[in-house]
2 protein chains.
Amino acid sequence: MPTARCQLGIGSRPQLSLGEVRMVAKFVQIADELRARVRERQYAEGTVLPRQSELATEFDVNVNTVSAALKLLEREGLVQSRRSQGTVVLPQIPLRKVGMDRYSRRRWERPTEAEDGAPYMDERGWQPAAQSTEISIEPATEEMAGRLEIDEGEDVVRRARVIRDARGTVTHTLVSYYPHRIAKGTLLMSEEQGPAGHGGAFRVLTDLGHEPHSINERLHARLPDGDEAQSLEMGIGEPIVEMRRRTYDGSGVPIEYAIGLHRASRFQWNYTFNVPE
Amino acid sequence: MPTARCQLGIGSRPQLSLGEVRMVAKFVQIADELRARVRERQYAEGTVLPRQSELATEFDVNVNTVSAALKLLEREGLVQSRRSQGTVVLPQIPLRKVGMDRYSRRRWERPTEAEDGAPYMDERGWQPAAQSTEISIEPATEEMAGRLEIDEGEDVVRRARVIRDARGTVTHTLVSYYPHRIAKGTLLMSEEQGPAGHGGAFRVLTDLGHEPHSINERLHARLPDGDEAQSLEMGIGEPIVEMRRRTYDGSGVPIEYAIGLHRASRFQWNYTFNVPE
DNA sequence: TTTTATTTGTCCGTATGTATT
DNA sequence: AAATACATACGGACAAATAAA
């Protein structure tokens, strides 16, 4: 039965009646209430929320208003709505802490440690559950030529990966580019995910005489376009973090350029450094 | 006159008719079209777009559909809608490149260089136009005590700033916390923005025998809550980047903890480091 | 100062499409 | 085939914020 658990702190029919109090739209108030319920486990992880029409009855609003509230929560990464399936509470996965030490030499120098291929292993030992790789060879665009300091049109190896967590949710995509003259005929061009995972890639590059030495990372948070949203299997409106990484060998030659698209709600980026001169 | 410039690539009345083609909602198509017009300067920066009802007529859709499209563009940071004022195209400001060298010692060690107080100066010499500061002394919460490695309840100096660009738009907020035993009676507690701007703070800390030595920064992109959106003068739904910074002196003692909230569409975060051992 | 017009924001009720179950 | 549940869209109503009269 429609238990009127929560009365929105607002008046009767005529829109929002608020005096000097800041006016807050109904759909925001409903989102706040639902968010609270998720946080206090009234709606547990994996649960399917009551359907929109039920929530509408409970809060005494129109279905559209509930829908707007749920879209807000969906953009926050808290729930996910699917046609004909309802709205499920997503598992409250702790933020994946992405630190500089994921590139640590010991992570990839000793193949026996069986840690290779885990580009985003954090303190808790998380590692990706699934990863699909797609390799191709392309002529360098003008931009890519600049990034890799090669000639425009020269071949580059493109290595595109989609990384999912244990539940099958896409957490991020990563596209790496290597100069073909470095990568050709090596494991970098294998579609196996094993040795040529990220750590493995570093090892391969080392074997080729291009040991990774320094890294530049740029982060920018934004909304995805339609294609990006589709490749990440998320809605537009949910923010992503674009990471661009350039890796140099000891002599300052760029050996890799990578573009990652990360579901913003899943990652925390961690950098430690000394105050520069 | 309603010049039907752009026909949405969709059928007649019955919703979206799409066969094998990926179905794209009308409001997304309209957003795409409007975004393109902004990019090709058909709608220049600072321009007020045609009102929603006009756009609705042009695209032959309902006003609500146009409204949804504009909300999408607003979340992208491309336009801003205001009641009774219309929708203006925001200036296409290049991303502010926030690098580690904003903490460079030379930036704050020599007061004569007149660069002090510019926490986010980038290669192009950008600096904040306005900055309002609010100082208070508070007992440390449990979290803050942990961050600053002091006792819970011990006093901390809280220094909250709102930074705007030259046009008066809030770009970010920054709240710094210092142990009171370090900061008391110093310029850190002055509300003047001059010497106690960021660079200045570092100089003051150096004078106090706590020269900043290393820094840890954590970034996380997400949507703001209502209060945060208000303090940044932006809408909920537009992503922000939360930065948490801990600064240590040479002996590893935390001397500052700061929380920044940044309009995501304005910043690019830049880190360079060597591959760790 | 008060009133009026303009424009967007929110919400409602309704209808229909789409994807599952 | 039918029921389910969300997604999108429409048209109408009114409120809120601001500008203009």
Side-chain angles (χ1 to χ4, degrees), chain A residues 8 10-31 34 47-57 59-75 79-88 226 229 233-238, chain B residues 8 10-31 34 47-57 59-75 79-88 226 229 233-238:
Chain A
L8 298 181
I10 52 175
S12 46
R13 183 46 28 88
Q15 295 311 94
L16 302 170
S17 57
L18 270 310
E20 35 275 319
V21 185
R22 191 163 90 248
M23 119 111 163
V24 178
K26 278 189 190 178
F27 75 93
V28 175
Q29 293 183 50
I30 292 172
L34 294 176
T47 308
V48 179
L49 261 55
R51 57 168 159 279
Q52 296 182 353
S53 59
E54 281 184 41
L55 291 172
T57 309
F59 292 115
D60 193 28
V61 296
N62 189 272
V63 192
N64 291 323
T65 308
V66 170
S67 177
L70 291 176
K71 277 194 206 0
L72 195 53
L73 298 181
E74 193 163 19
R75 291 201 294 266
V79 302
Q80 182 161 38
S81 297
R82 277 196 206 279
R83 266 193 255 249
S84 80
Q85 288 182 233
T87 303
V88 298
E233 295 174 11
M234 56 188 272
I236 49 182
E238 184 179 337
Chain B
L8 299 181
I10 53 175
S12 47
R13 184 45 27 92
Q15 292 316 90
L16 303 170
S17 56
L18 271 310
E20 34 274 317
V21 184
R22 190 161 93 249
M23 118 114 160
V24 178
K26 277 188 191 177
F27 76 93
V28 174
Q29 294 183 51
I30 292 172
L34 294 176
T47 309
V48 178
L49 262 57
R51 57 169 158 280
Q52 295 183 356
S53 58
E54 280 184 40
L55 291 172
T57 309
F59 292 115
D60 193 29
V61 296
N62 189 272
V63 191
N64 291 323
T65 307
V66 170
S67 176
L70 291 176
K71 277 195 208 356
L72 194 53
L73 297 182
E74 192 163 18
R75 291 202 295 266
V79 302
Q80 182 160 38
S81 297
R82 277 197 209 275
R83 259 175 199 166
S84 82
Q85 289 182 223
T87 303
V88 298
E233 295 175 12
M234 55 187 272
I236 47 182
E238 183 179 337

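We use all heavy atoms of the structure for the numbers below, so side chains are in, but hydrogens, waters and symmetry mates are not.
- The phosphate of C:dC12 has OP1 or OP2 within less than 4.0 Å of a side-chain N or O from A:Thr65.
- A distance-only check finds no donor-acceptor pair linking the side chain of B:Glu74 to the backbone of B:Gly235 [under 3.5 Å].
- Computed from coordinates, the B:Lys71 NZ to D:dT8 P distance equals 15 Å when rounded to whole Å.
- The minimum heavy-atom distance between A:Ser81 and A:Leu70, with the atom names listed, is OG-CB, 4.4 Å.
- The side chain of B:Gln52 places an N or O atom within less than 4.0 Å of a non-bridging phosphate oxygen (OP1 or OP2) of C:dG9.
- Panel note: side chain B:Gln80, backbone B:Thr87; no donor-acceptor pair is recorded below 3.5 Å.
- Between A:Asn64 and A:Leu70, it is A:Leu70 whose nearest contact on DNA chain D lies nearer the 5' terminus.
- At whole-Å resolution of the value, CZ in B:Phe59 and P in D:dC10 are 13 Å apart.
- Dashed line: the shortest gap from a side-chain N or O of B:Ser81 to OP1 or OP2 of C:dT7 is not under 4.0 Å.
- For the side chain to side chain donor-acceptor pair (under 3.5 Å) test, no residue two or more places apart in sequence or in another chain qualifies with B:Thr65.
- The distance between atom CG of A:Leu72 and atom P of C:dC11, rounded to the nearest whole Å, is 12 Å.
- To the nearest 0.5 angstrom, B:Asn62 atom CG is 9.5 Å from B:Ser67 atom OG.
- The side chain of A:Lys26 places no N or O atom within less than 4.0 Å of a non-bridging phosphate oxygen (OP1 or OP2) of C:dG9.
- When the side-chain nitrogen and oxygen atoms of A:Asn62 are compared with OP1 and OP2 of C:dC11, none of them lie within a distance under 4.0 Å.
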Taking only N/O atoms, report every protein-nucleotides 2-6 of chain C pair under 3.5 Å with atom names and distance.
none

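- One atom, CD of A:Gln85, and another, P of C:dT18, lie 17 Å apart when rounded to the nearest Å.
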Hey, mind stepping through B:Val79 and B:Leu34 against side chain to side chain contact (heavy atoms under 4.5 Å, CB included) and telling me if it holds? CA-CA 10 Å; B:Val79 302; B:Leu34 294 176; over 6 Å; no

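- Rounded to an integer number of Å, the gap from CG of A:Leu73 to P of D:dA7 is 12 Å.
- One can place CZ of B:Arg83 at 12 Å from P of D:dA15, the figure rounded to the nearest angstrom.
- Looking at residues two or more places apart in sequence or on another chain, you find no side chain to side chain donor-acceptor pair (under 3.5 Å) involving B:Gln85.
- Atom CD1 of A:Ile30 is separated from atom P of C:dC12 by 8 Å (rounded to the nearest Å).
- D:dA1: no Watson-Crick or G-U partner with both key distances under 3.5 Å is found in any strand.
- For the pair B:Met23 CE and C:dT18 P, the interatomic distance rounds to 7 Å; values are reported in whole Å.
- Listed pair A:Gln80 / D:dC6 fails the phosphate criterion, with no side-chain N or O lying under 4.0 Å from OP1 or OP2.
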